[in-house]
Amino acid sequence: MSNIVEDIINAKKEKNAVILAHNYQIPAIQDLADFVGDSLALAVKATKVESDLIIFCGVDFMAESALILNPEKTIIHPNPKAKCPMAAMVDVEGLRMAKKKNPEATVVSYVNTTAEVKTETDICCTSANAVKVIKSIEEDTILFVPDSNLGLYAQRFLPDKKFIFWPGYCHVHQDISVAQIQDLKASYPIAEVLVHPECSPDVIDIADFVYSTEGMAKHCASSDSKEFIIGTEEGLVHRLKKENPDKTFYAISDAICPSMKKITLENTLDALRNLKPRIILPDEVIKKARAPLDKMVAIGRQD
Ligand code: SF4
């Protein structure tokens with residue numbers, strides 16, 4: 001074991017901290033985390049951990065959500081530069097204007113949004129429950145922010161709803177191309193193709209299955225297939241290989257989120273030792289942003 005990993009384990013014990021890590025984190029962070037999951041699993045986990053100190057290895061909005069759901073706990077985000085570019089595509093002023101233009105619409109925000117945007121949101125969702133969340137809404141018109149690809153995917157199952165899409169996207173999933181999937185499929189013809197709903201509609205059209213990262217993990221564990229093409233950020237493949245040592249996984253080349261990779265062993269150790277950078281949000285924001293997150297957590301997963 002390298003010294004830095006040992007130092008992190010010791011500092012974690014000494015501080016009685018819990019490390020939560022997203023599926024897209026570097027393998028070394030995933031390996032020392034207490035829990036690895038997608039944004040919904042992490043949000044739920046954050047409400048259940050007993051420790052008062054959470055080191056959140058993921059991007060900004062995930063650490064903010066952990067604080068909103070646990071305002072009494074200390075949430076440390078090892079690198080404040082680890083920000084999701086898609087979450088930055090919608091700001092609270094822009095959302096207020098869109099609400100004024102569409103007063104009849106129910107605002108559904110992907111959890112990949114800032115805490116401020118959540119204060120203007122009726123209900124949040126993740127890629128693991130977008131269809132289930134929107135199905136639960138009585139109103140006909142949905143203002144869906146910010147991921148237009150996830151919104152378009154949900155719309156396939158909800159033809160009676162009128163969707164208003166925000167022009168946002170995840171650059172990592174948007175860049176996964178039909179040609180990349182077809183090339184991998186030509187090389188590995190018996191592999192099942194799993195893609196994330198943040199992918200573009202033409203990629204979704206040629207996939208065998210569409211899942212959140214947690215849904216992919218469940219599917220790969222239970223499927224009789226031995227080979228899988230994984231259409232999401234490459235970090236998930238580390239977890240899939242660990243959980244399924246008898247199966248083979250093919251990642252999409254260049255499907256790498258630079259923001260997720262900004263969390264390193266070095267800044268995680270610094271965060272543990274110094275208990276900063278700490279996530280701080282105004283009480284009013286925490287209060288208002290909590291309602292749409294609580295509703296999302298209560299609805300649970302669809303995959
Ligand atoms: S993978 Fe996409 S949605 Fe996730 S943090 Fe990176 S840019 Fe944001």
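Counting starts at 1 for both ligands and their atoms, in listed order. Bear in mind the structure is a predicted one, so any value in this text is a computation, not a measurement.
The protein atom (non-hydrogen) at minimum distance from atom 4 (Fe) of ligand 1 is Tyr24 CE1, 4.1 Å.
A search for side-chain hydrogen bond (donor to acceptor under 3.5 Å, both in side chains) contacts involving Thr113 returns Lys118, not counting sequence neighbours. With sequence neighbours excluded, no residue satisfies salt bridge (Lys or Arg N to Asp or Glu O under 4.0 Å) with Asp175.
If you look at Phe144 and Phe165, their ring centroids are not closer than 6.0 Å.
Within the protein, the N, O or S atoms lying under 2.8 Å from atom 2 (Fe) of ligand 1 are Cys170 SG.
The existence of a salt bridge linking Glu214 and Arg301 is excluded, since no basic side-chain nitrogen approaches an acidic carboxylate oxygen closer than 4.0 Å. For Arg239 and Asp38, the salt-bridge test fails: no basic side-chain N is under 4.0 Å from an acidic carboxylate O.
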Ignoring hydrogens and angles, write down the donor-acceptor pairs under 3.5 Å from the side chains of residues 184-193, residues two or more places apart or on other chains.
residue	atom	partner	partner atom	Å
Lys185	NZ	Pro189	O	3.1
Lys185	NZ	Ala191	O	2.6
Ser187	OG	Asp183	O	3.2
Glu192	OE1	His219	NE2	2.7
Glu192	OE1	Ser223	OG	3.3
Glu192	OE2	Ser223	OG	3.4

